[in-house]
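Sequential numbering from 1 along the given sequence is applied to the chain's residues. Values in this document were obtained by computation on a predicted structure and should not be read as measured data.
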Amino acid sequence: MTTVNARGITLGIESFGEDNAPLVLLAGGTTMLSWPDALCERLAAGGRRVVRSDLRDSGKSTTTDPQAPAYTLRDLAADAADLADALGRGPAHLAGIGVGGMVAQVAVLDHPSAFSALTLVGTRPVAPGPPDADLPDHDQATMSRLFAHPMPDWADREAVAEFAAVGAEILGDDPVAARAIAARIWDRTPGTAPPVQMANQLGMVFPGSTADRAGASACPRSRSPRSSSTAAATGSSPSATARRSRV
C-alpha cells in the first residue's frame, strides 16, 4: 500500500497487476478494504492493473475532520478523476461500492473523458431518503435488526470488530471475515478518535440524486444504477451517517 498525490490531495492506494495493463479503479466505500483482496487479485490476473483507493478522511488518504468535512461529493469525484490521471493508462474503468458508488456516479458524469466504463456495486443514486420509485428499498426487518444493535466504543478495536461481525451475521455474510476486515480498517485508520474510527467503519451518506443525470453521461459504458443497497463490507448499517457532505 502507498499514497499518491492527486491535485494536492493525498490518496491511499494499493495496486495489483502490471503497471502497463489497462487501468481499473476501485473507489472505496469508504476505505479500499471494501474491495476484497481475492477480488482484486482475480481481476489483476485477467490482465488488468487494479488500483483500490481510500476516500478522503479514511485509511491513508488526507484526513481533516470527518464530522465537518471541508469538501463536497463533487470534490471526491474529482479525486477519482485526478487519481486516474496521476496513474496514467487512462481512460480507466471505474467501479464503486457503497458510498464509493455514489462518488463513482458523479465522477463519470462530471469527468466523462477520464473513464471508459462504470461498474456499481451495492449503491444507489440518492441518499439519504427513499429510493427512486423503480428501485427496491432496504428490507425493513433487516434494517430494524441492524439499528437495534448498539454502537460500539469506536476507540476499542475489539468492540468494533465484534460490532462488524454481528452486523455481518444479520446480513447473512461471513462474521469471521467481517471481524478481520473491521480490525484491518481500524489498524489503518489515522488515530483512535471515535469520530474518525466511526467514519472509516461506517462511511458517508450524501444528499442529492444522480439518477436524472446518468442517462446523459458521455462515459462510453455507463448506465443508471439498479441497486439501492449500500451495506458496507464490514456488515455495518447501509444508511449510517458518520459523515455528511453536499453534492
Q | Where Leu83 and Ala6 come nearest, the two heavy atoms and their spacing | A | N-CB, 4.1 Å
Q | Those residues that, when tested against Arg48, pass salt bridge (charged side-chain N to carboxylate O under 4.0 Å, His left out) (two or more places apart) | A | none
Q: Check whether any side-chain heavy atom of Val166 lies under 4.5 Å from a side-chain heavy atom of Ile170, and answer yes or no.
A: yes
(Q) Do Leu55 and Val103 make a side-chain contact, defined as non-hydrogen atoms from C-beta onward lying under 4.5 Å apart? (A) yes
(Q) Parallel, tilted or perpendicular, judged at 30° and 60°: which one describes the rings of Phe163 and Trp154? (A) perpendicular
Q) At their closest point, which heavy atom of Trp186 faces which heavy atom of Gln201, and how far apart are they? A) N-NE2, 3.5 Å
Q | Candidate pair Tyr71 and Asp57, rule side chain to side chain contact (heavy atoms under 4.5 Å, CB included), full reasoning | A | CA-CA 11 Å; Tyr71 53 85; Asp57 279 326; 2.7 Å; yes
Q) Looking at side-chain heavy atoms only, is the closest gap between Met32 and Ser53 below 4.5 Å? A) no
Q) Would a 4.5 Å heavy-atom cut-off, applied to side chains only, mark Leu26 and Val24 as touching? A) yes
Q) Does the pair His111 and Leu94 meet the rule for a side chain to side chain contact (heavy atoms under 4.5 Å, CB included), with working shown? A) CA-CA 11 Å; His111 310 276; Leu94 178 63; over 6 Å; no
**Q.** Gap between atom CD1 of Ile9 and atom CG of Asn5 - 0.5 Å precision
**A.** 8.0 Å
Q: Decide yes or no for Arg179 and Asp174: does some side-chain heavy atom of the first lie under 4.5 Å from some side-chain heavy atom of the second?
A: no
Q. Given Ile13 and Met1, is the side chain to side chain contact (heavy atoms under 4.5 Å, CB included) satisfied, shown in steps?
A. CA-CA 6 Å; Ile13 69 165; Met1 296 182 184; over 6 Å; no
Q: List for me each residue that meets salt bridge (charged side-chain N to carboxylate O under 4.0 Å, His left out) alongside Asp82, sequence neighbours excluded, and say none if there are none.
A: Arg7
Q) Under 3.5 Å, is there a donor-acceptor pair between the side chain of Trp35 and the main chain of Val51? A) no
Q: Can you tell me which residue pairs pass the salt bridge (Lys or Arg N to Asp or Glu O under 4.0 Å) test with a partner in residues 16-25, sequence neighbours excluded?
A: Asp19-Arg49
Q) Is the shortest distance from a Lys or Arg side-chain nitrogen in Arg188 or Asp54 to a carboxylate oxygen in the other one below 4.0 Å? A) yes
Q. Got a second to check how far Arg52's CZ is from Leu43's CG, nearest 0.5 Å?
A. 11.0 Å
Q) So, Asp110 side chain and Ala107 main chain: donor-acceptor pair closer than 3.5 Å or not? A) no
Q. Is there side-chain contact between Ile185 and Gln197, with at least one heavy-atom pair below 4.5 Å?
A. no
Q) Do NZ/NE/NH1/NH2 and the carboxylate oxygens of Arg74 and Asp79 come within less than 4.0 Å? A) no
(Q) What verdict does the side chain to side chain contact (heavy atoms under 4.5 Å, CB included) test give for Thr192 and Arg157, after you've listed the backbone C-alpha separation in whole Å, the side-chain angles of each residue and the deciding distance to 0.1 Å? (A) CA-CA 9 Å; Thr192 59; Arg157 183 180 186 272; over 6 Å; no
Q | Euclidean distance, Arg89 CZ relative to Asn20 CG, rounded to 0.5 Å | A | 5.5 Å
Q. For Ala165, does its backbone N or O pair with a side-chain atom of Glu169 as donor and acceptor, under 3.5 Å?
A. no
Q: Could you tell me whether the side chain of Ser61 reaches within less than 4.5 Å of the side chain of Thr10, counting heavy atoms only?
A: no
Q) Out of curiosity, does Val160 fall in the hydrophobic cluster containing Met198 (side-chain heavy atoms, cut-off under 4.5 Å, transitive links)? A) yes
Q. Roughly how far, to the nearest 0.5 Å, is the CD1 atom of Ile181 from the CG atom of Asp173?
A. 9.5 Å
Q: Kindly give the heavy-atom pair with the smallest separation between Thr31 and Ser58, and that separation in Å.
A: CG2-CB, 4.0 Å
**Q.** Heavy-atom closest contact (Val99 atom, Gly29 atom, distance)
**A.** CG1-CA, 3.7 Å
Q.
Ignoring hydrogens, what is the shortest heavy-atom contact between Val4 and Ala86? Give both atom names and the distance.
A. CG1-CB, 3.9 Å
**Q.** Closest approach of Pro152 to Ala159 (non-hydrogen atoms, all atoms of both residues)
**A.** CB-O, 3.7 Å
(Q) I'd like to check Gln105 versus Leu120 (side-chain heavy atoms, cut-off strictly below 4.5 Å). Are they in contact? (A) yes
Q.
Quick one: does any side-chain atom of Asp85 pair with a main-chain N or O of Ala81 as donor and acceptor, under 3.5 Å?
A. no
Q.
What's the separation between atom CG in Leu23 and atom CZ in Phe115, rounded to the nearest 0.5 Å?
A. 9.0 Å
(Q) Using the rule given for salt bridge (Lys or Arg N to Asp or Glu O under 4.0 Å), can you reason through Arg145 versus Asp139, listing the C-alpha separation, both sets of side-chain angles and the distance that settles it, and then say yes or no? (A) CA-CA 10 Å; Arg145 291 182 64 198; Asp139 179 75; over 6 Å; no
